[in-house]
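Working notes, structure below.
Keep in mind that this is a model prediction, so the values were computed, not measured. In what follows, residues are counted from 1 in the order of the sequence shown.
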Amino acid sequence: MIFRRSLFAAVLIVTVVVSMAAQAPALPSEISDKDFWRMIVDLSEPGGTYPYENFVSNELQYQDVVPALKATTKPGGVYIGVGPEQNFTYASVLQSKLAFVIDIRRQNILELLMYKALFEMSPNRADFVSNLFSRVRPAGLNTKTTSAALFAAYESAKVDPDLQAKNLQAIKVYMTRHGYELRSEDFSNIEKVHQVFSRGGPGITYEFSSASPSSLVRPSSYAQIMNTTDPSGKNWAFLANEDNYLFVREMQRKNLIVPLVGDFAGPAVIRNVGRYLQERRATVSVFYISNVETYLDDSQRQAFYANVAALPVDSSSMFIRFILGNPARGLPWWRQGMGNVSTVAPMSEFISQIKSGRKPTFQEIVRETKDPVVLGGLSR
């Protein structure tokens, strides 16, 4: 009798657990416009300041980590990143189901919403580049055109003021039609960003219309960033081929790339994302943190690490860091002439250390970082 009672209790517990799991919301395959905007508002926190405009990336080495990501992470997870267009490439590489892009500047979510409108307006890469930079599409481009040929075709194209005005109006209509509750200054900032891309063209760099953070980072143009490769010579950029572009375009169409405002060391945004994922039994596959740690003081850095510890991860979850020249010398595999380096590091190990009470310095983190090229099965 006691055995039967125990068996019945065990079956009942399992049934309840399974039932609760079945009732928990799943990670969405598509998000409505209303819920998309609600997520931006509810998950974000008050923004802050940053000394640079950050219109485009300046990390020419960002694809160096792709073979390591392919070798160590599970496809189809949740991606978290920071900054502008490099997030599209990483989301495509990882075949992400959902992506969050967190930035301290509200201007970044406005730029990403501008991108979102441009993806909808552009059924293919050639149209996208035309609309992004306000250049009339050159003849002879098609879905098989290489990235190098695509940007070469636009290299001598001049800005078209009529196309720029037409596209800007279409972007504003897009925002209104989808119900984004933007302020008048938001529309002014979107106009500013769009004009910067129009004036800069495919040759735009991080320094264009902006101060530059360091002479250690050689400014690379948008075209160069789209045409760089991993160490094996493969280009993974979201504009490298039509499949990559269409994957990101579909994510945008389904509202699966969610831009948020927040401070990595702040009290809410990362924890809000972690709570959202935990409620849906989802894990972070990659957190691209760039070189944000170098902009935080010691107390802010530890606050950031405590926030990271609230994220659901598994054994394959990885950080992506961008480490500048001088700190990069602390890498055990650093060699003369390396310069800036993109790296990966396991999130689960790091979170376990944080939860155990460790408070690592950035220098310690750098010293413990393994070579991503070797992790990817390649050699330098």
Go through it in stages, so that I can follow the logic: the residues are Phe287 and Val313, the test is side chain to side chain contact (heavy atoms under 4.5 Å, CB included), and I'd like the CA-CA distance, side-chain angles, deciding distance and then a yes or no. CA-CA 10 Å; Phe287 191 170; Val313 300; over 6 Å; no
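- Put simply, the side chain of Asn241 never gets that close to the backbone of Thr146: no donor and acceptor are under 3.5 Å apart.
- When only modelled atom types and interatomic distance are considered, Glu59 and Ser290 share a side-chain donor-acceptor pair under 3.5 Å.
- Partner of Tyr222 under the ring pair (Phe, Tyr, Trp, His ring centres under 6.0 Å) criterion, chosen from Phe208, Phe133, Tyr206: Phe133.
- Between Lys172 and Ile190, every side-chain heavy-atom pair lies at or beyond the 4.5 Å cut-off.
- Dense packing is recorded around NZ of Lys192, with more than 12 heavy atoms of other residues, nucleotides or ligands lying under 6.0 Å away.
- Pro346 places none of its side-chain heavy atoms less than 4.5 Å from the side chain of Ser317.
- Under the 4.5 Å side-chain heavy-atom criterion for Ile, Leu, Val, Met, Phe, Trp and Tyr, Leu324 and Leu296 are members of distinct hydrophobic clusters.
- Other residues, nucleotides and ligands contribute over 12 non-hydrogen atoms within 6.0 Å of the CD atom of Gln95.
- Of the possible polar contacts, one joining the Gln302 side chain to the Pro360 backbone as a donor-acceptor pair under 3.5 Å is found.
- No hydrogens or angles considered: a donor-acceptor pair under 3.5 Å links the side chains of Ser122 and Asn131.
- A donor-acceptor contact shorter than 3.5 Å links the side chain of Asn87 to the backbone of Gly83.
- Considering Phe247, Phe128, Tyr174 as possible partners of Phe119, the one that fulfils the ring pair (Phe, Tyr, Trp, His ring centres under 6.0 Å) test is Phe128.
- Tested against Val65 for a side-chain contact (heavy atoms from CB on, under 4.5 Å), the candidates Tyr90, Phe319, Tyr288 yield a single pass: Tyr90.
- The hydrophobic cluster containing Leu69 also contains Leu60, counting ILVMFWY residues as joined when their side-chain heavy atoms lie under 4.5 angstrom apart, directly or transitively.
- Residue pairs meeting the side chain to side chain donor-acceptor pair (under 3.5 Å) criterion with at least one partner in residues 370-379, sequence neighbours excluded, are Asp371-Arg380.
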Is there a salt bridge (Lys or Arg N to Asp or Glu O under 4.0 Å) between Lys359 and Glu364 once you walk through the steps? CA-CA 10 Å; Lys359 296 184 177 181; Glu364 289 172 334; over 6 Å; no
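- Pairs passing the salt bridge (charged side-chain N to carboxylate O under 4.0 Å, His left out) check and including a residue from residues 66-84, sequence neighbours excluded, read Lys74-Asp314.
- Evaluation of the side chain to side chain donor-acceptor pair (under 3.5 Å) rule for Asn227 yields Ser147 as partners, not counting sequence neighbours.
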Give every donor-acceptor pair under 3.5 Å between a side-chain atom in residues 38-47 and any protein atom, sequence neighbours left out.
residue: Arg38; atom: NH1; partner: Asp35; partner atom: OD1; Å: 2.5
residue: Ser44; atom: OG; partner: Ile40; partner atom: O; Å: 2.6
residue: Ser44; atom: OG; partner: Val261; partner atom: N; Å: 3.0
residue: Glu45; atom: OE1; partner: Ala268; partner atom: N; Å: 2.7
residue: Glu45; atom: OE1; partner: Val269; partner atom: N; Å: 3.1
residue: Glu45; atom: OE2; partner: Asp263; partner atom: N; Å: 2.7

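- Between Ile102 and Ile270, some side-chain heavy-atom pair lies under the 4.5 Å cut-off.
- As a member of the Ile/Leu/Val/Met/Phe/Trp/Tyr network built from side-chain separations under 4.5 Å, Val373 groups with Leu378.
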Go through the steps to decide whether Met347 and Leu311 satisfy the test side chain to side chain contact (heavy atoms under 4.5 Å, CB included), and finish with yes or no. CA-CA 9 Å; Met347 291 184 70; Leu311 293 173; 4.2 Å; yes
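- Residues Lys97 and Val78 are not in side-chain contact: their nearest non-hydrogen atoms beyond the backbone lie 4.5 Å or more apart.
- Under the 4.5 Å side-chain heavy-atom criterion for grouping Ile, Leu, Val, Met, Phe, Trp and Tyr, Leu113 is connected to Ile31 within one hydrophobic cluster.
- Here the side chains of Thr205 and Asn58 are not in contact, with every heavy-atom distance at 4.5 Å or above.
- Side chain of Tyr154 to main chain of Ala126: a donor-acceptor pair is present (N/O by atom type, distance under 3.5 Å, no hydrogens or angles).
- Judged as a side chain to side chain donor-acceptor pair (under 3.5 Å), and not counting sequence neighbours, the contacts of Asn255 are Asp33, Lys116.
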Distance-only donor-acceptor hits, side chain of residues 332-339, under 3.5 Å, sequence neighbours excluded:
residue: Trp333; atom: NE1; partner: Thr369; partner atom: O; Å: 2.7

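- In this structure, the side chains of Phe88 and Met251 stay at 4.5 Å or more apart for every pair of heavy atoms.
- Side chain of Ser342 to backbone of Gln61: a donor-acceptor contact under 3.5 angstrom is found.
- Chaining together hydrophobic side chains whose heavy atoms lie under 4.5 Å apart leaves Val136 on its own.
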Take Asn291 and Asn340 through the test side chain to side chain contact (heavy atoms under 4.5 Å, CB included) and record every step on the way to the result. CA-CA 11 Å; Asn291 63 332; Asn340 308 317; over 6 Å; no
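- Salt bridge annotation for Glu185-Arg106: absent, with no cationic side-chain nitrogen under 4.0 angstrom from a carboxylate oxygen.
- The main-chain N or O of Ser184 is found under 3.5 Å from a side-chain atom of Ser188 such that the two form a donor-acceptor pair.
- For the pair Asp103/Ile109, no side-chain contact is recorded, criterion being any heavy-atom separation below 4.5 Å from C-beta on.
- Using a 4.5 Å cut-off between side-chain heavy atoms of Ile, Leu, Val, Met, Phe, Trp and Tyr, with links allowed through other members, Val66 and Phe322 fall into different hydrophobic clusters.
- Each salt bridge (charged side-chain N to carboxylate O under 4.0 Å, His left out) pair with one or both residues in residues 282-305, not counting sequence neighbours, appears once here: Glu293-Arg321, Asp298-Arg301.
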May I have the list of side-chain donor-acceptor pairs in residues 156-166 shorter than 3.5 Å, sequence neighbours left out?
residue: Asp160; atom: OD1; partner: Asp162; partner atom: N; Å: 2.9
residue: Asp160; atom: OD1; partner: Leu163; partner atom: N; Å: 3.0
residue: Gln164; atom: NE2; partner: His194; partner atom: ND1; Å: 3.0

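- For Glu250, the side chain to side chain donor-acceptor pair (under 3.5 Å) partners two or more places apart in sequence, or in a different chain, are Arg253.
- No donor-acceptor contact under 3.5 angstrom links the side chains of Asn124 and Tyr245, judged on distance only.
- For the pair Asn54 (side chain) and Pro84 (backbone), a donor-acceptor distance under 3.5 Å is absent.
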Check the pair Leu277, Phe100 against side chain to side chain contact (heavy atoms under 4.5 Å, CB included), reporting the backbone distance first and the verdict last. CA-CA 11 Å; Leu277 298 180; Phe100 295 96; 4.1 Å; yes
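- For the atom pair Ser134 OG and Phe197 CZ, the distance stands at 11.0 Å (nearest 0.5 Å).
- Phe36 and Tyr180 have tilted rings, their planes meeting at an angle from 30° to 60° on a 0 to 90° scale.
- Put simply, the side chain of Leu239 reaches to within 4.5 Å of the side chain of Val129, judged on heavy atoms.
- Applying the salt bridge (charged side-chain N to carboxylate O under 4.0 Å, His left out) test to every pair with at least one member in residues 219-243, sequence neighbours left out, gives these pairs: Arg125-Glu242.
- Not one N or O on the side chain of Thr228 forms a donor-acceptor pair closer than 3.5 Å with the backbone of Gln224.
- Without hydrogens or angle criteria, Thr89 side chain to Phe238 main chain gives a donor-acceptor distance under 3.5 Å.
- Residues Ile204 and Leu168 do not share a hydrophobic cluster, clusters being chains of Ile/Leu/Val/Met/Phe/Trp/Tyr side chains in contact below 4.5 Å.
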